[in-house]
> 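Starting off with a structure, shown below.
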2 protein chains.
Amino acid sequence: MAANSQFSMAVHVLTVLARHEGEKIKSEKIACSVNTNPVVIRRLLGQLAQAELVESQTGAAGGTQLARCPDQITLAEVYGAVSCGEVFALHGKPPDKNCPVGRNIEAVLCNLQKQIDRSVAETLSRHTLQGVLEVIEQERP
Amino acid sequence: MAANSQFSMAVHVLTVLARHEGEKIKSEKIACSVNTNPVVIRRLLGQLAQAELVESQTGAAGGTQLARCPDQITLAEVYGAVSCGEVFALHGKPPDKNCPVGRNIEAVLCNLQKQIDRSVAETLSRHTLQGVLEVIEQERP
DNA sequence: TAAAATGTAACTAAACTTGTTACAGTTATG
DNA sequence: CATAACTGTAACAAGTTTAGTTACATTTTA
């Protein structure tokens, strides 16, 4: 189970909201499409709300809707919102500082990590939620 | 603890080997620099050997050395060898196929995943072990 | 005031990574 | 040839993370 599919879920959730722009959607309805528990969805929506990608309303007749038009939400923002963390982890325990490699490798890896993060962000910023929605609508058999 | 630092460890291990080209290095010596257990290193070396990046010799006076020159080993190969898996995971449970989004979202995400993998590989292929080694040697105070 | 929704805390279960011990197999060397 | 010194690998424990679930306080509509 442990594999972090939050980004996948987030894109899914936002796409469902995008298909119903203007409407307020209940967490239970989204959960049904994602095939999970409504609480899992609400937790995820909390993160997306913090990133100001969605807006929720409590109370009866409450629900969630997009905070912006789908063509103004890039997948890079979504990725940043759910903060999947880094692509690879640095050393758990600190390396031996008596060894030249151990002393300097972390800086190298940290730099590498930043390059990869930028590269991933750049790739994702080329996609918008609108683009995803269009593929979905178009691919419907 | 659970965060997959195998790529970091692999780069570390290979850099240590690169610093001693031609010599056979014992897993215990590497483990000392990485600050972990020799068995962890040997497991990692097994993966690197399968990818033909290193060669090990058993028995007394055994050890491991690089299978190629450091300038002919890219970090993309290293990343591939330890197979950290994908940057994000697809859905755990399959989405609801009655919903248009649930029916088609996986294809979209899968495609996205491939794009990101390519992007990461492209970034990493710009770095060689030789390059890492030079930074390490140069940064020594 | 009651019903219906979100927000959130707490707990469980499953999966994964790392660390550790133990031991079989291999090889150099006295 | 016997021993010491390595690698390779299996098996297990411990810690962390994710997802799922239950429960309940809070908010809002009707």
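Computed from a predicted structure; not experimentally measured. Any value given below was found using the heavy atoms of this structure, including those in side chains, with hydrogens, waters and symmetry copies removed. Within every chain, numbering begins at 1; the chains are lettered A, B, ... in the order of the sequence lines, protein sequences first and strands thereafter.
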> Hey, is NZ on B:Lys97 packed in by over 12 heavy atoms from elsewhere, all under 6.0 Å?
yes
> Closer than 4.0 Å, any side-chain N/O of A:Ser5 to the OP1 or OP2 of D:dA19?
yes
> Between B:Thr36 and C:dT18, is there a side-chain N or O to OP1/OP2 distance below 4.0 Å?
no
> Which nucleotide in the set D:dA10, D:dT7, D:dT21 lies at the smallest distance from any side-chain heavy atom of B:Ser27?
D:dT7
> Expressed as a whole number of angstroms, how long is the span from A:Ile41:CD1 to C:dT6:P?
11 Å
> For atom CD of B:Gln130, is the number of surrounding heavy atoms from other residues, nucleotides or ligands below 6.0 Å larger than 12?
yes
> What is the distance from CD of A:Gln47 to P of D:dA19, rounded to the nearest Å?
10 Å
> Whole-Å distance between C:dT17 P and A:Leu90 CG?
17 Å
> Can you tell me if A:Ser33 and A:His12 form a side-chain donor-acceptor pair at under 3.5 Å?
yes
> So that I can tick it off, tell me whether A:Glu122 and A:Arg118 are bridged by a salt bridge, with the cut-off set at under 4.0 angstrom between side-chain N and carboxylate O.
no
> For nucleotides 23-30 of chain C, read 5' to 3', which letter fits each nucleotide if B means a protein heavy atom sits under 4.0 Å from the base, S means only the sugar-phosphate is that close, and - means neither?
---BBS--
> Reckon B:Gly63 touches a base, only the sugar-phosphate, or nothing at all at heavy-atom distances under 4.0 Å?
sugar-phosphate
> Report the distance from atom NZ of B:Lys26 to atom P of D:dG8, rounded to the nearest whole Å.
15 Å
> Going by distance alone, is a donor N or O of one side chain under 3.5 Å from an acceptor N or O of the other, for B:Thr74 and B:Thr128?
no
> Rounding to an integer number of Å, can you tell me how far A:Arg43 CZ sits from D:dT18 P?
11 Å
> Considering only side-chain heavy atoms of B:Asn37, which listed nucleotide, D:dT22, C:dT21, D:dG20, is closest?
C:dT21
> At under 4.0 Å between heavy atoms, what does B:Gln6 touch on the DNA or RNA strands: base, sugar-phosphate, or nothing?
sugar-phosphate
> C:dT6, OP1 or OP2 - any side-chain N/O from A:Ser56 closer than 4.0 Å?
no
> Rounded to the nearest 0.5 Å, how far apart are CD1 of B:Ile73 and CG of B:Leu17?
9.0 Å
> Between B:Leu45 (CG) and D:dC6 (C1'), how many Å, whole number?
13 Å
> Report the distance from atom CD of B:Glu28 to atom C1' of C:dG19, rounded to the nearest whole Å.
15 Å
> What's the CG-C1' distance between A:Asn4 and D:dA19, to the nearest Å?
11 Å
> Would you list the atom pairs, donor with acceptor, under 3.5 Å between side chains in residues 53-70 of chain A and any protein atom, with sequence neighbours excluded?
unit_1, atom_1, unit_2, atom_2, d
A:Ser56, OG, A:Thr64, OG1, 2.8
A:Gln57, OE1, A:Lys24, NZ, 2.7
A:Arg68, NH1, A:Gln72, O, 2.8
A:Arg68, NH1, A:Glu77, OE1, 3.4
A:Arg68, NH1, A:Glu77, OE2, 3.0
A:Arg68, NH2, A:Glu77, OE2, 3.0

